[in-house]
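The next block holds one structure in the form of C-alpha cells; read it before the comments.
Quantities reported herein were computed from a predicted structural model and do not represent experimental measurements. Sequential numbering from 1 along the given sequence is applied to the chain's residues.
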Amino acid sequence: MLKQHLQFKLSQKLSPQQIQLMKLIQLPTQAFEQRLKQELEENPALESGKEETDALDDVYEDTYDDSADNENIDTEEINIDDYLSDDEIPDYRTQANNYSADDEDKRVPYAAGTSFNQYLINQLNTTYLDDQEWAIAEFLVGSVDESGYIRRPLPDIMDDLAFTQNIYVDEDKIEEILKVVQDLDPPGVAARSLDECLIIQLKRKEKKPSVELAINILERSFDHFTKKHYSKLIQKHHVTEEQLKEAISEIERLNPKPGGSYSGNTRMIEHIVPDFSIKIVDGELELSLNGRNAPELHVSKDYSNMLEGYKNAKEKSKSQKDTVMFIKQKLDAAKWFIDAIRQRQQTLFITMNTIMEYQKEYFMTGDERKLRPMILKDIADKIDMDVSTVSRVANSKYVDTPYGTKLIKDFFSESMKNEQGEDVSTREIKKILETVIRDEEKKKPLTDAKLAKILKERGYPIARRTVAKYREQLGIPVARLRKEI
C-alpha cells in the first residue's frame, strides 16, 4: 500500500533589506560613519545636508509610465546626459558642523613617530660592531616584540641566521651580541624572561643593599618570590622582614614590559566614541543619541529634476527610458537607506531608553550595587522586539554617563536569590566581593572559603566555588598571591 506523507516546513527568511537593517543597527558610531560614507560615495542619488524642497515625492510617483513603452520619438530632443554630471555627486563631509551642536569632534588618534624597533636600531648606530655583529644585532632587534621581549630560543635564532642571513655562528656569539642589545634603552629590553628583564633593570640601578638583595632573590629564588613565600625568602637569604620589604619595594618599582613604555611605538590608540549620553537634569535622567548617528540625508534634487524632465517630455526614447530606470533604482536605494537610518535611530533610542529606565537606580547614583538583574529578554519583551536586536545594540555600543563611559552589555547580568528570597544581580555580588577583598588585611588575605562565609553573613548564600569563579572574573588572584609583608 502506497502511503503519501505531506510535510509542511515553516521557515522564516529575512529579506536582504532586513539583513542590511540589522547590520546597520549593530554598527557603533565610528563604523556607522564609514558605512554612511560608503553609501554616499556609491549612490549619487543620496545626499547629506538639509533638503531644499519637498517636491520629490510627487515627481517620483508619476514619472515612470509603462504606457509610453511603444512610443517612437526623436532622441535628440532630450539630452539626458545634460542631467548626469559627475560634478553634482556630493562628497561626504566630516567636519564637526555636520553634527549636532552639542557633539565634540572626536577622531581616532594614532601614535606618531618611529617604531619601537627603529628606535632600537638608531641606538645601535652609536655602538661599534663589525658587519657580521651588526647583522646579528639587527636580527635580534627584529625579534623583539611590542612588550620588549625576545621570546624565541637562541638555537632557533641561530638556525634562522644561517638559513635567512647566511650567517653561521654559535650560541655563544649570539649571546655576546644579545648582551649588547640588552644594554640599549629602555632598561630591560631584549630580555628572554621576566626575571631576566627585572635583573637587567636592577643592575643599572645604584648599588645598595636593597638592590643587591633584590638581584639575589630574583637570581636564586624567583619561584619563591612569585608565589610570595616570604618566610622561605627570609630563611634562605638570612635577612630581616624589613630588609626583605625594601628589596621587594625595589622590584615593584621596575617595569615588567619595557616595550610598552616607549611612546613612539606605532600602533592605533583605542578611542571610544559613546553612542549615547545620559545626564541627570533637574533630578531626572535625560538620554540623547550621539548626533553622528542621526545624519541629515535626502535624495538628490538633481536626480528628481531628471525625472521631472522625463515626465514632461512629449516623446521618450528607449535609451532615455533605460537611463530613467537606472535613476529610479538609485532613488529607490536612497529612499530605503534614509528610511533604514530612521529605523536605526528609533531602535537605538528606544532600546537604550528602556535599559536606562530599567536601571534607573544605578544611573541616578552610580552605585553598581543598585544594578538590577537584567537579561536581553527583559528588554526585548518591554519594547516588543527580538532578543537578537537588543543584543546588537548592547554588544557594540557605549554610553557616556556621569560615572564614565560604559559598554552597554555590562549592564546585563544574571540573578540569584538572597536570603530574603529577592533577586539580586551577580554584578552586585561581585562589587561587594571586590570591596571585601580591597579592605582585607593584606598580611592575612581572605581565602575563598572565608569570603563565602562573609558574603553569607551579608545575606548572599553562595558556594566557595562560586566565589572563586567571581574572583577570577574580576581578575583577582588567590589569597596566597595577595599576601603582603
Side-chain angles (χ1 to χ4, degrees), residues 111 113-129 133 136-154 157 171-172 174-230 232-234 236-267 442 477 481-485:
T114 57
S115 69
F116 181 43
N117 293 82
Q118 186 59 50
Y119 173 66
L120 298 175
I121 290 292
N122 292 343
Q123 293 180 66
L124 277 179
N125 289 327
T126 63
T127 306
Y128 176 76
L129 297 169
E133 290 171 338
I136 296 171
E138 188 177 29
F139 192 87
L140 288 171
V141 166
S143 301
V144 174
D145 64 19
E146 64 177 14
S147 296
Y149 286 81
I150 292 180
R151 309 283 185 182
R152 304 184 64 221
L154 290 190
I157 292 176
E171 288 184 41
D172 291 339
I174 297 173
E175 185 95 39
E176 176 190 330
I177 303 302
L178 178 62
K179 297 300 180 187
V180 175
V181 176
Q182 288 176 344
D183 281 336
L184 304 177
D185 287 327
V189 72
R192 290 162 288 179
S193 61
L194 175 59
D195 53 333
E196 185 178 40
C197 175
L198 300 177
I199 290 168
I200 291 170
Q201 294 178 60
L202 285 169
K203 286 183 176 179
R204 290 209 198 178
K205 282 179 167 282
E206 177 189 353
K207 289 190 176 181
K208 54 183 179 180
S210 59
V211 173
E212 295 293 335
L213 177 57
I215 294 172
N216 202 8
I217 288 172
L218 293 178
E219 287 180 338
R220 297 175 53 208
S221 311
F222 185 68
D223 190 51
H224 288 329
F225 168 73
T226 57
K227 293 179 179 177
K228 296 194 174 184
H229 291 160
Y230 297 133
K232 292 182 180 179
L233 289 173
I234 290 171
K236 182 174 181 178
H237 294 274
H238 308 290
V239 293
T240 65
E241 185 176 300
E242 187 60 32
Q243 288 173 321
L244 178 61
K245 196 170 184 178
E246 289 176 3
I248 290 174
S249 178
E250 293 285 355
I251 297 172
E252 287 176 343
R253 287 197 289 267
L254 303 176
N255 184 2
K257 292 184 178 181
S261 65
Y262 178 66
S263 60
N265 199 349
T266 53
R267 55 178 180 266
K442 296 306 178 186
L481 297 182
R482 301 198 304 272
K483 185 178 179 181
E484 296 178 5
I485 298 177

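The local environment of NZ in K236 is crowded, with over 12 non-hydrogen atoms from other residues, nucleotides or ligands closer than 6.0 Å.
Between K257 and N255, the shortest heavy-atom contact is N-OD1, 3.0 Å. Closest approach of L120 to D185, counting heavy atoms only: CD2-O, 3.3 Å. Residues I150 and L140 come closest through the heavy atom pair CD1-O, 3.6 Å. For the pair G188 and C197, the tightest heavy-atom approach, listed with the atom from each and the gap, is O-SG, 3.7 Å.
Interatomic distance, CD1 of I177 versus CG of L129, reported as 5.5 Å (0.5 Å rounding). How far CD1 of I234 is from CD of E241: 5.5 Å, rounded to the nearest 0.5 Å.
In this structure, the side chain of R204 engages the main chain of D183 through a donor-acceptor pair within 3.5 Å.
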Set out, in order, the CA-CA distance, both residues' side-chain angles and the distance that settles side-chain contact (heavy atoms from CB on, under 4.5 Å) for F225 and D195, then state yes or no. CA-CA 10 Å; F225 168 73; D195 53 333; over 6 Å; no

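Every residue two or more places apart in sequence or in another chain that forms a ring-ring contact (aromatic ring centres under 6.0 Å, His included) with H229 is listed here: H224. D145 pairs by the side-chain contact (heavy atoms from CB on, under 4.5 Å) definition with S147, Y149, R151, not counting sequence neighbours. Under the salt bridge (Lys or Arg N to Asp or Glu O under 4.0 Å) criterion, R192 pairs with E175, E196, sequence neighbours left out. Residues meeting the side-chain contact (heavy atoms from CB on, under 4.5 Å) test with D223, sequence neighbours left out: T226, K227.
With respect to L254, the side-chain contact (heavy atoms from CB on, under 4.5 Å) criterion is satisfied by exactly one of I199, I200, L194, L198: L198.
With a 4.5 Å cut-off on side-chain heavy atoms, I157 and L178 do not count as touching. Contact of the I174 side chain with the E176 side chain is not registered, since no non-hydrogen atoms from C-beta on lie closer than 4.5 Å. Between K245 and S249, every side-chain heavy-atom pair lies at or beyond the 4.5 Å cut-off.
Counting only residues at least two apart or on different chains, no ring pair (Phe, Tyr, Trp, His ring centres under 6.0 Å) pair has a member in residues 182-222.
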Please tabulate, for side-chain N and O atoms in residues 205-218, each donor-acceptor pair with protein atoms closer than 3.5 Å (sequence neighbours left out).
residue	atom	partner	partner atom	Å
K208	NZ	E250	OE2	3.3
S210	OG	E250	OE2	3.0

